[in-house]
Amino acid sequence: MSQRPKTCVFITGTNAVGKSALAWAIIDRYGGVDRITNDVTYCVEGSICLAGSYGVHRYGGVDRITNDKGSSCTSKLAEVVEEGLRHADVMICEGSFMNTFGLNLTNAIFKADRHLIVSLYTDATTIYERICGRSNGKYGTGKRNWPAIIRKQRQAMVAAQKWQSIGVKVLQIDTAKMSIEEELQNVLTAIEQLCGEPTTIR
């Protein structure tokens with residue numbers, strides 16, 4: 001019996017663009033968090049998992065993965081993706097460290113047979129309103145570094161172009177113009193199209 005093809009999905013974008021909201025929508029859609037082992041969060045239902053710890057903190061994902069020295073980085077991501085795909089068909093990776101195109105990320109995404117970049121973006125006004133609406137956003141340190149936020153968005157878009165140039169499918173979503181349920185459905189449909197058949201996470 002042949003093994004089902006494995007899929008790795010990167011969710012990218014700048015601060016307050018909705019990366020964590022989409023990750024949590026996926027988790028909620030598949031029954032919530034079942035368990036967290038070896039930096040992988042597994043959902044209760046479906047053959048789907050996410051890189052990083054969700055549930056301990058509201059914000060999880062790749063940014064919560066640390067190296068042996070305790071520093072947040074993507075150097076362990078390929079190892080985490082490989083671990084998750086041993087037990088699940090689809091691995092989701094999201095976080096602010098996903099906004100680049102480099103060896104750590106290519107090593108991770110190509111652990112899977114199929115690949116998808118979900119590039120989230122929105123306008124500056126929406127980002128501003130979302131950040132100011134957070135409990136630590138309006139007056140919190142480091143949360144209103146607008147040049148850095150715009151730079152991250154630019155990096156994410158440039159990275160998406162690079163992924164596309166090497167044949168990775170890119171799905172771009174303006175999160176100000178689409179509900180979270182619509183975003184979720186678009187992502188699941190894109191995964192299904194990659195596989196060319198109904199997926200086990202549908």
Side-chain angles (χ1 to χ4, degrees), residues 3-20 22-23 26-27 36-42 47-54 56-57 59-121 142 145 147-173 175 187 190-191 193-195 199 201:
Q3 186 184 43
R4 291 186 62 86
K6 304 291 186 175
T7 303
C8 186
V9 180
F10 284 1
I11 300 173
T12 69
T14 192
N15 307 57
V17 80
K19 299 184 301 296
S20 294
L22 179 55
I26 293 168
I27 291 169
I36 303 170
T37 56
N38 299 324
D39 287 315
V40 180
T41 298
Y42 296 92
S47 182
I48 190 165
C49 62
L50 296 91
S53 299
Y54 291 85
V56 179
H57 305 276
Y59 300 103
V62 173
D63 297 350
R64 293 281 177 186
I65 298 173
T66 58
N67 61 19
D68 295 337
K69 297 179 181 178
S71 299
S72 297
C73 64
T74 56
S75 62
K76 281 182 61 180
L77 187 58
E79 176 185 325
V80 172
V81 170
E82 190 171 35
E83 170 69 18
L85 291 178
R86 285 195 190 102
H87 309 283
D89 292 334
V90 178
M91 163 67 84
I92 309 291
C93 305
E94 68 85 12
S96 63
F97 294 156
M98 309 298 294
N99 288 347
T100 59
F101 178 89
L103 192 58
N104 288 343
L105 297 186
T106 53
N107 283 344
I109 202 167
F110 288 117
K111 291 292 182 181
D113 307 295
R114 318 221 194 267
H115 325 98
L116 174 66
I117 305 297
V118 179
S119 178
L120 302 183
Y121 69 96
N145 186 339
I149 289 170
I150 299 304
R151 185 173 63 252
K152 282 184 182 180
Q153 188 62 77
R154 189 179 300 114
Q155 286 174 342
M157 298 300 254
V158 169
Q161 288 179 321
K162 290 181 178 178
W163 288 116
Q164 197 165 38
S165 73
I166 63 169
V168 175
K169 180 177 174 60
V170 175
L171 175 66
Q172 290 191 311
I173 297 175
T175 62
V187 170
I191 293 172
Q193 289 171 346
L194 277 179
C195 296
T199 69
I201 67 164

request  = With sequence neighbours left out, write down each residue that passes side chain to side chain contact (heavy atoms under 4.5 Å, CB included) with A160, or none if nothing qualifies.
outcome  = S119, V170
query = Hey, what do you get for CD1 (I27) to CG (L50), rounding to the nearest 0.5 Å?
reply = 4.5 Å
request  = Mark yes or no for whether D39, through its side chain, and G52, through its backbone, hold a donor-acceptor pair below 3.5 Å.
outcome  = no
task = Ignoring hydrogens and angles, tell me if any N or O in the side chain of K19 forms a donor-acceptor pair with the backbone of G13 under 3.5 Å.
result = yes
ask   = Can you tell me how far the CG atom of N15 sits from the CD1 atom of I149, to the nearest 0.5 Å?
value = 4.5 Å
Partners meeting side chain to side chain contact (heavy atoms under 4.5 Å, CB included) with A159 (sequence neighbours left out) = F101, W163
Minimum heavy-atom distance between S96 and K152, given as atom pair plus value = CB-NZ, 4.2 Å
remark   = Nearest heavy-atom approach of A112 to K6 is CB-O, 3.6 Å
ask   = Short question: side chain of S47, backbone of D89 - any donor-acceptor pair under 3.5 Å?
value = yes
key: Backbone of Y54 reached by a side-chain donor or acceptor of T41 within 3.5 Å   = yes
request  = For M98 and C93, work out which heavy atoms get closest and say how close.
outcome  = CE-CB, 3.7 Å
query = With sequence neighbours excluded, what pairs up with R151 under the salt bridge (Lys or Arg N to Asp or Glu O under 4.0 Å) test?
reply = none
inquiry  = So does V90 get a backbone contact from the side chain of T7, meaning a donor-acceptor N/O pair under 3.5 Å?
reply    = no
key: Given N107, I109, L105, the one that forms side-chain contact (heavy atoms from CB on, under 4.5 Å) with L77   = L105
